[in-house]
Amino acid sequence: MERTKTSPDDVVWRERLQYCEARQPALVKTIRQFVEIESPSDDKPAADRMSAFLAGAFEALGGRARVHPAQEAGNNLQVDFPGREKIKPVLLLGHFDTVYSLGTLATMPCHEADGRLCGPGVLDMKSGIGLMLYAIEALQAWHSGLPRPVTVFLVSDEEIGSRSSRRITETLAKQSAAVLVLEPAAGTRGAVKTARKGVGEYKLTVTGVASHAGLDPGKGHSAIIELARQMLTISKLNNVQSGVSVNPGVIRGGTRTNVVAAEAVAEIDVRIAHARQATVVDRKLRSLKPVDKRCKLSMTGGINRLPMERTAGVAALYKKAQTLAKRIDWHLDEAAVGGGSDGNFTAGIGIPTLDGMGGVGDGAHAVHEHIVISELPRRMLLLAGMIEAI
Ligand SMILES: [Zn+2]
């Protein structure tokens, strides 16, 4: 392999990496603290405890915390850091809610094993919040203060659709130069995410006519049979090539085997690769007609998150990240993924967004959720470098 001569810049970056490596034990300890404060999306008191704890952690670095109270979800947390240059801030976006119910720690305790830190929400995405904290601290140490303003926004309800936080996320993104999302990296190689599919949730309710299955079978109009017919039609909307997928993941209906079912329901997950597909799929789902004319169909729901598309702004951010990574001989990959995040909102309104800047690991939302500890220093360096470079 051909090697270029080490420029002074590269020396600086190596020293910075050493700084990040030296901070690794403290960062792990902090992430552990975050994991050990359980914060399920649907438990306001628990989520509020996490929000308050995080406010304290970021205020200790000189940030100005602003709590956005939410009625049902936990309070969303904004922290503003002033910078030396009077330019637009970079928005660091993340969420502190998890999919794990209160008490999960009892069976899934946070622990270190084989170079991994395991525990509920450690990958998705409490390690990402830890990285924000330590990247800001590093920049302050390297520059005796932040070189540019930074806004941190930590959402309480990302795992359940971001209803209480979406408007704030979009407002803050509009005021920012770019958005870095600290969701987990893609795969074990730690790729950043430059495209995400859009996500929709729909519910189809079929109302039929009940009757006695034995005495009056002809009088009934089965909602279950009708739902089954509709499912076949809906499944034809799947198109792997164009990136559209439609999954009726839950169905229920009927009351007893000897009753022709009066009602049946399907809950449908929809994914799209391009914004223009949203209206097409939505129209098709809403215009379904019953095959049995005595049955009624009602479709509710919609596309919740538009796709994060790989726009020129997104590609430019990735290029910057790649250049930075190269300084420490790191080949940083990019990935397009099917899952949505709040990055979909910010990219959807045209603000350059780079996602998957957080921890590297596996098992998000599962019992084996973990991060790889040795990946933390360079992720911290990358984040700090991006805040500087944007
Ligand atoms: Zn997440």
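Ligands are counted one by one from 1 in listed order, and the atoms in each one are counted from 1 as well.
- No side-chain heavy atom of Pro149 sits under 4.5 Å from any side-chain heavy atom of Asp80.
- Counting only heavy atoms from C-beta outward, the side chains of Val181 and Met125 never approach each other to under 4.5 Å.
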Could you tabulate the donor-acceptor pairs under 3.5 Å formed by side-chain atoms of residues 376-390, not counting sequence neighbours?
| residue | atom | partner | partner atom | Å |
| --- | --- | --- | --- | --- |
| Arg378 | NE | Glu375 | OE1 | 3.1 |
| Arg378 | NH2 | Glu375 | OE1 | 3.2 |
| Arg379 | NE | Gly358 | O | 2.9 |
| Arg379 | NH1 | Gly190 | O | 2.7 |
| Arg379 | NH2 | Gly190 | O | 3.4 |
| Arg379 | NH2 | Gly356 | O | 2.9 |
| Glu388 | OE1 | Arg16 | NH1 | 3.0 |
| Glu388 | OE2 | Arg16 | NH1 | 3.3 |
| Glu388 | OE2 | Arg16 | NH2 | 2.9 |
| Glu388 | OE2 | His143 | NE2 | 2.5 |

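- Glu112 is listed as a side-chain neighbour of Val28, based on a closest heavy-atom distance under 4.5 Å.
- Listed by chain and number, the residues in a side chain to side chain donor-acceptor pair (under 3.5 Å) with Glu267 are Arg252 (sequence neighbours excluded).
- Protein atoms of type N, O or S found under 2.8 Å from the Zn ion (ligand 1) total 4.
- Scanning for ring pair (Phe, Tyr, Trp, His ring centres under 6.0 Å) contacts around Phe53 gives an empty result, with sequence neighbours left out.
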